[in-house]
Amino acid sequence: MSEPKLSICIPTYNRSRYLGTVLVHLEDILKQLPFETEVIISDNASTDNTLELLEAVQDRLPLTILRQETNLGAVSNINAALRAAKGTYVVYLADDDRLRPEGVLKSIEMLDANPNACGLYAPWQIKDLVANRVIKQFYSQPRDVTIAQGNYAQLLEHIAEFKIYSEICILRRDVFKSLHPIPTDIAFWAFTTPAEYLGAGDLIYAQEPFYCSISRHFEGDARMQLGFREVMNAWDTYRGGLEYLHGLAISHGGLTKPDMVARFVQTHPIERMYTALKLRLQLGGDPLENYALAARLRGLGLGSQLPAPMEQIRTTAALYFACVKLPETLQATGVAVIGNCPEESLQQLNSVTDLPVHHAEHADDIGSGDVVLDFGSQDDALRKRARATALAHITEAQLQQKFV
């Protein structure tokens, strides 16, 4: 086989059920690509039948199997697959996603036509395989755009205008190997990485997707997309990435829409914070983190626009702190309630924690392993016992003060 034009690089770990469907997909699409293509799969020390699955298809695919002896972690495993590539171009493919052959072909043609281009970014689709339909597409732009080497102002303006996260790309192998961008927790890699590549050559932002992220493979298959997890946690790194780009654009000059860009850099992370809180409330995020995020949005003047009433968010956080987080920290064995706590409120507390919750009517009902919640008790003996014996004695007023 001659040197491949394209290397498809797939990291995997204990996902043979999904990887098997990807291998069938690759057998089909490689027949549609008119150039040599290799497939590199880096198995991150899987303990399932991944290796057997790969060995069974080796005679049907131009496949290189990298077997890691120990788990390298996700990023290192991705890099291991990319480092092994021999193609002119490399593309990352998740072990449960799909490539669109017509989009790949057009992208390679565009890169071939511009030898100064070091990479091509494109939007991507979310597809439900069970329903056999595309659910949505992440961003769109009306035409193909080529950004000249070093034009960071145009890069940021393009990202701001179409709200682009530069995540899905095909890269020249030699550029990747010379730069080898490393993500940090300070600035989101989908904003910083294209800036690194733009220092080495042109960047193409194509209109047509070549990648499909799969939301559902089988009936009953319900998995949270990685993007959802990022949205629920990454708003500060989004801000860092945009500020990083903004600094480059200002330093190198050429901004034609400075007000639009500044507004985007300021408001986009706030929009992501709002979306994060909405998802967290829907999907059961940590109530203490939800409260902190809501308090930040309130501090930004958005208290009246929260996806749930602040009172509801703070009450949930207070109950979670008192019944779950504090008992967990103190290694409590139970939660004792004193004062005016109706039966329905006791039932609500029981639904919050896995520890036994009981209403203490006598001093002896409070044990040394209990956290005591005091809902305005007027019984001096109970309060004295709670302060002297329990791991913690928390009043309703203290909770209200803590979660204001």
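Values below: every heavy atom of this structure, side chains too, minus hydrogens, waters and symmetry copies. Because the structure is a prediction, the values reported are computed rather than measured.
Enclosure of atom CD in Q32 by more than 12 non-hydrogen atoms of other residues, nucleotides or ligands within 6.0 angstrom is indicated. Around the CD atom of Q58, the shell of radius 6.0 Å holds more than 12 heavy atoms that belong to other residues, nucleotides or ligands. Within 6.0 Å of CG on D185 lie no more than 12 heavy atoms contributed by other residues, nucleotides or ligands.
Using a 4.0 Å cut-off between charged side-chain N and carboxylate O, D236 and R239 make a salt bridge. Between E289 and R280 there is a salt bridge, since a side-chain N of the basic residue sits under 4.0 Å from a carboxylate O of the acidic one. One finds no salt bridge joining D128 and R133 here, because no Lys/Arg side-chain nitrogen approaches an Asp/Glu carboxylate oxygen to under 4.0 Å. Remark: K5 engages D112 in a salt bridge, criterion side-chain N to carboxylate O under 4.0 Å. Salt bridge annotation for R383-D374: absent, with no cationic side-chain nitrogen under 4.0 angstrom from a carboxylate oxygen.
Figure legend: R296 and Y291 shown without cation-pi pairing, the cationic atom not lying both under 6.0 angstrom from the six-membered ring centre and within 45 degrees of its axis. Annotation: cation-pi geometry satisfied between K136 and F138 (NZ/CZ under 6.0 angstrom from ring centroid, within 45° of ring axis). For the pair K402 and F321, the cation-pi test (distance below 6.0 Å, angle within 45°) is passed.
With sequence neighbours left out, the side chain to side chain contact (heavy atoms under 4.5 Å, CB included) criterion links I182 to no other residue.
Panel note: side chain T353, backbone N350; no donor-acceptor pair is recorded below 3.5 Å.
Ring geometry for H268 against Y238 counts as tilted: the plane angle lies between 30° and 60°, on a 0 to 90° scale. The aromatic rings of Y121 and Y205 lie parallel to each other, with less than 30° between the two planes, well short of the 60° mark.
You'll find the side chain of V90 stays beyond 4.5 Å of the side chain of I170, heavy atoms only. When side chains are defined from C-beta on, F176 counts as touching Y197, because their heavy atoms get closer than 4.5 Å. For the pair Y211/R100, no side-chain contact is recorded, criterion being any heavy-atom separation below 4.5 Å from C-beta on.
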